[in-house]
Student: 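I'd like to ask you about the structure that follows.
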Amino acid sequence: MTAENGTPDPHEPPVHPVTGLDEVVHQRVRLGILAIAHEARRVEFGYLRTQLDLTAGNLSKHLSVLETAGLVEIEKGYAGRRGRTWITLTAAGAAALAEEIERLKLLITRLETTDTPEDR
Amino acid sequence: MTTDAVPPAGDPHRLLSDVRALARQVRLDQRVTWVALLVLAVVTFAAIPFDWYSLNADCGSASAWIKDVNGGSMCHITGRGAMFYWPPALLLAYTAIAVYAARVARARGVGVRALPYAITGAALTVVLFIGAWLLWRMYFASHPAPTHPFPYWVMLLDRLAAPWGAIGVALLVLARLERNVALLLFTVGYLAVVLVPINFGWHPSWGYRGILGAFLPQQIINGTVLLLGAVGFAVARRGRR
């Protein structure tokens, strides 16, 4: 897609935003987890469950995917006698979230500019 | 409860709006606006007796801060008691707000957002208020007593560095941290009230009590604005639930 000197080739068609989407992040629940963790800085498992309306098992699976990808850190502890799990966004997670949002915006722009009345 | 990896057509809009809605909900859950305003209102009202009894108006002296235009007399007004009340009271207030914010955030399951506000508030108390007080002391120790009122901009800076002004500046930080436009607008209004003094006509020509009384309405107004703000934000929060 780029010329030999590393600059984009003007004759090549521009890359479609969909090609750059990260499958780990580009998923409604996981994107929600990243968005909440980014805003909250540190978020408890129960809060994520309530906000995303998920079962504990389903949320655990998504968190596991994000943790394996290095996008979140999971920390288990206690509040009194109650066990609590806290989720923190890593630097890679914050970057992935920002990139995903940027690509979504690009995709929306692309859809809006190429959407003709006949398509509708 | 879906695990769709590829969204159906039109979903980028939904994904983005979902992300924004979730972020907004988190911000709402992290807010401690009304508690901060309530604590600051209590501190402001509690200051009234301290400031009232510690103010000293020397109307027989040649030195002058306030000139009675009608009578032509000069009064030198000092309030050292404020130094013993405001710094510890504000530091205690910011500590209380920080502790409350941390407890509420932990209970709700989110991180604390208001801690930098409490730190900024405490730092402003120390730097602005104590710094301004020391500057005034140093100025009057090395300069003859002024015979005319200070320029408007000096008094404006003085009011900004006073406890009520410092409270407003710190609230701007809270508005930024909470991304709270309503709080930003409220703080701008509060600062306008603080920086443009309101006087109901209590005048030095009314004598000693009149001079001291000239400070009272402003303090009551500052406290009332903060209290009304606390009530307003509490009601708004309740309405959102």
Side-chain angles (χ1 to χ4, degrees), chain A residues 17-18 21-55 57-59 61-62 65 77 79-80 84-89 97-98 100-112 115 119-120, chain B residues 1-33 97-120 173-181 183 237 240-241:
Chain A
V18 167
L21 289 171
D22 181 348
E23 282 301 309
V24 175
V25 183
H26 188 69
Q27 197 281 337
R28 195 176 65 84
V29 173
R30 289 197 285 271
L31 187 58
I33 294 171
L34 293 179
I36 292 175
H38 180 260
E39 205 60 42
R41 283 147 206 202
R42 193 164 179 258
V43 61
E44 213 256 320
F45 186 88
Y47 185 85
L48 282 176
R49 251 185 72 187
T50 312
Q51 292 301 318
L52 298 168
D53 193 21
L54 294 169
T55 62
N58 201 350
L59 177 58
K61 278 181 201 161
H62 286 295
V65 171
R84 281 198 154 192
T85 305
W86 290 91
I87 294 96
T88 316
L89 200 66
L97 176 67
E100 170 71 10
I101 289 172
E102 216 36 60
R103 289 206 180 270
L104 283 174
K105 284 179 183 168
L106 269 175
L107 197 55
I108 289 168
T109 314
R110 180 68 75 96
L111 284 170
E112 282 169 353
D115 193 15
D119 296 331
R120 288 181 198 139
Chain B
M1 299 255 186
T2 63
T3 52
D4 307 341
V6 180
D11 247 15
H13 282 109
R14 215 186 90 192
L15 279 174
L16 256 188
S17 72
D18 281 356
V19 164
R20 285 181 183 139
L22 286 169
R24 184 175 152 72
Q25 186 56 49
V26 172
R27 283 201 292 274
L28 290 177
D29 288 336
Q30 285 178 312
R31 283 180 187 171
V32 289
T33 319
I97 293 166
V99 168
Y100 175 82
R103 286 177 73 100
V104 163
R106 202 180 307 136
R108 289 176 188 161
V110 288
V112 193
R113 193 176 278 266
L115 277 185
Y117 159 68
I119 294 166
T120 307
V173 174
L174 184 62
R176 172 72 187 89
L177 287 169
E178 290 188 344
R179 296 197 205 167
N180 193 339
V181 179
L183 180 60
R237 181 171 182 83
R240 269 196 296 268
R241 281 182 180 172

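So you know, we letter chains A, B, ... as the sequences are listed, proteins then strands, and number each from 1.
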Student: Can you name the closest pair of heavy atoms from A:R41 and A:T88 and give their distance?
Tutor: O-CG2, 3.5 Å
Student: Less than 4.5 Å apart, side chain to side chain, heavy atoms only: is that true for A:R84 and B:R106?
Tutor: yes
Student: Donor-acceptor pairs under 3.5 Å, side chain of residues 110-120 of chain B to any protein atom, not counting sequence neighbours: which ones?
Tutor:
residue: B:R113; atom: NE; partner: B:Q30; partner atom: OE1; Å: 2.6
residue: B:R113; atom: NH1; partner: B:L177; partner atom: O; Å: 2.8
residue: B:R113; atom: NH2; partner: A:E39; partner atom: O; Å: 2.7
residue: B:R113; atom: NH2; partner: A:E39; partner atom: OE2; Å: 3.0
residue: B:R113; atom: NH2; partner: B:Q30; partner atom: OE1; Å: 3.1
residue: B:T120; atom: OG1; partner: B:P116; partner atom: O; Å: 2.6

Student: Looking at A:A35, A:G32, A:A40, which one has more heavy-atom pairs under 4.5 Å with chain B than the rest?
Tutor: A:A40
Student: Check for a donor-acceptor pair, side chain of B:R31 on one end and backbone N or O of B:E178 on the other, with a separation under 3.5 Å.
Tutor: yes
Student: Nearest 0.5 Å please: distance from the CG atom of A:D53 over to the CZ atom of A:R49.
Tutor: 10.0 Å
Student: Could you give the distance from CG (A:L59) to OG1 (A:T50), rounded to the nearest 0.5 Å?
Tutor: 9.5 Å
Student: Let me confirm one number: the CG-CG distance from A:L52 to B:D18, rounded to the nearest 0.5 Å.
Tutor: 9.5 Å
Student: Under a 4.5 Å heavy-atom cut-off, does chain A meet the side chain of B:R24, its backbone, both or neither?
Tutor: neither
Student: Which one wins on heavy-atom pair count under 4.5 Å against chain B: A:Y47, A:W86, A:F45?
Tutor: A:Y47
Student: Determine which residues belonging to residues 97-104 of chain B lie within contact range of chain A, meaning some heavy atom pair is under 4.5 Å apart, and list them by number or answer 'none'.
Tutor: none
